[in-house]
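Presented below is the structure to which this report refers.
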There are 2 protein chains.
Amino acid sequence: MNLAIGDLSRRTGVKIPTIRYYEQIGLLPSPVRTEGQQRRYGSDEVRRLNFIRHARELGFEVDAIRQLLGLADDPNRCCGEAHEITKAHLDEVKDKIARLTALRDELETMVACDNRRVSECRIIEVLADHGQCLHETH
Amino acid sequence: MNLAIGDLSRRTGVKIPTIRYYEQIGLLPSPVRTEGQQRRYGSDEVRRLNFIRHARELGFEVDAIRQLLGLADDPNRCCGEAHEITKAHLDEVKDKIARLTALRDELETMVACDNRRVSECRIIEVLADHGQCLHETH
DNA sequence: TCTTGAACCTCTAACCGCTAGAGGTTGTAG
DNA sequence: CTACAACCTCTAGCGGTTAGAGGTTCAAGA
């Protein structure tokens with residue numbers, strides 16, 4: 001395998017400028033180059049970039065991915081650290097779900113508004129009043 | 001009411017640089033100024049900023065808020081537009097919840113990994129393999 | 001072997017929604 | 001009248017990309 005950056009991009013679904021960005025911030029190692037300075041990648045890089053992409057899809061931050069990659073590179077280390085990172089991330093995700101669910105319910109109520117004039121529109125009303133309410137109770 | 005920017009900030013819970021930023025991008029109108037160029041706000045601005053803050057808390061993008069503010073300013077317009085904006089936002093939120101729920105389940109499985117060596121760690125494994133799977137099925 | 005032209009290169013700047021800091025000015029309470 | 005908190009503008013930074021300008025290289029076909 002001797003892939004140009006465009007091939008790597010197609011294989012992993014990661015856009016070309018993003019691949020170069022990952023190299024720049026040290027998530028991907030600098031690949032070998034042709035005489036004309038074009039990047040050439042092998043299967044190691046495909047695997048590593050897939051790892052990164054999946055972790056990003058799962059919402060891990062670049063810093064967390066850097067740590068996970070460090071662990072993955074050293075097969076003798078205990079996975080306790082990976083466990084911790086993942087656990088922390090899981091807690092955040094649960095929290096986010098809870099907040100989004102509350103938000104969804106609020107939006108459902110607002111959407112119940114149907115084609116009245118703005119002056120009697122629940123949506124505008126909720127947005128305008130709620131701020132006041134929050135202010136008064138805080 | 002003749003509030004300095006710090007007072008407005010305390011009343012609405014919006015940080016001072018953020019208030020100035022909202023003015024800069026045209027979400028908040030330029031307020032009156034003292035002779036020494038300090039901003040002074042009235043109750044209109046308090047209301048408007050509360051509206052903005054609440055909409056941001058609900059996850060509306062600044063562009064959407066701009067539209068909602070436009071509607072709120074014109075009480076004779078039909079609220080159909082507000083309905084549309086909110087509906088679109090609701091759909092996004094639902095989608096996000098679905099994806100986060102799938103993610104949560106995946107993370108729960110991963111967290112089940114307990115203190116093995118990295119070489120047999122579910123977390124690293126899932127991250128590494130999943131990318132491959134996704135690639136192969138796409 | 002030469003010629004296209006698609007794909008690559010680097011560099012800079014923009015995106016969103018803020019936030020922070022430097023360095024200077026104003027308002028107000030004592 | 002003085003001290004100092006709060007304000008001012010301006011610039012730059014964050015994370016995680018993405019876009020564009022302007023120039024070079026690679027590979028396939030004639």
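We name chains A, B, ... by the order of the sequence lines, and we start the count at 1 in each one.
Nearer to the 5' terminus of DNA chain C, by closest-nucleotide assignment, is the contact made by B:Val62 (compared with the other of B:Arg20 and B:Val62).
With rounding to whole Å, B:Ile19 atom CD1 is found 17 Å from C:dG17 atom P. Counting to the nearest Å, the P atom of C:dG17 and the CD1 atom of B:Ile52 are 12 Å from each other. Atom pair B:Glu61:CD and C:dG17:C1' shows a separation of 10 Å (rounding to whole Å applied). For the pair B:Arg53 CZ and C:dC18 C1', the computed distance is 16 Å after rounding to whole Å. For the pair B:Ile65 CD1 and C:dG17 P, the computed distance is 8 Å after rounding to whole Å. Taking atom OH of B:Tyr21 as the reference point, atom P of C:dT19 lies 10 Å away to the nearest angstrom. One can place CG of A:Asn2 at 14 Å from C1' of C:dC8, the figure rounded to the nearest angstrom.
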*Starting from the C-alpha separation in whole Å, work towards a yes-or-no answer on side-chain contact (heavy atoms from CB on, under 4.5 Å) for B:Leu3 and B:Arg40.*
CA-CA 5 Å; B:Leu3 307 171; B:Arg40 288 298 118 100; over 6 Å; no
*Give the C-alpha distance, both sets of side-chain angles, the deciding distance and a yes or no for side-chain contact (heavy atoms from CB on, under 4.5 Å) between B:Asn2 and B:Tyr41.*
CA-CA 6 Å; B:Asn2 197 34; B:Tyr41 298 94; over 6 Å; no
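Listed by residue number, the members of residues 22-41 of chain B with any heavy atom below 4.0 angstrom from DNA chain D are B:Arg33, B:Gln37, B:Gln38, B:Arg39.
Electrostatic pairing of B:Glu45 and B:Arg11 does not count as a salt bridge here, judged by no charged N lying under 4.0 Å from a carboxylate O.
A distance-only check finds no donor-acceptor pair linking the side chain of B:Ser9 to the backbone of B:Ile5 [under 3.5 Å]. Between the B:Asp105 side chain and the B:Ala102 main chain, no donor and acceptor come within less than 3.5 Å of each other.
An OP1 or OP2 oxygen of C:dC18 is reached within less than 4.0 angstrom by a side-chain nitrogen or oxygen of B:Arg56.
Residue pairs that meet the salt bridge (Lys or Arg N to Asp or Glu O under 4.0 Å) test with at least one member in residues 24-37 of chain B, sequence neighbours left out, are B:Glu23-B:Arg33.
Residue B:Val46 is not grouped with residue B:Val32 when hydrophobic side chains (ILVMFWY) are merged at heavy-atom distances under 4.5 angstrom, including chains of intermediate members.
By the 4.5 Å heavy-atom criterion applied to side chains, A:Ile52 and A:Thr12 are not counted as neighbours.
Bracketed by its first and final contacts, the part of DNA chain D lying under 4.0 Å from non-hydrogen atoms of chain B reaches from D:dC7 to D:dT9 in 5' to 3' order.
Listed here is the closest heavy atom pair of A:Arg48 and A:Leu27: NE-O, 3.1 Å.
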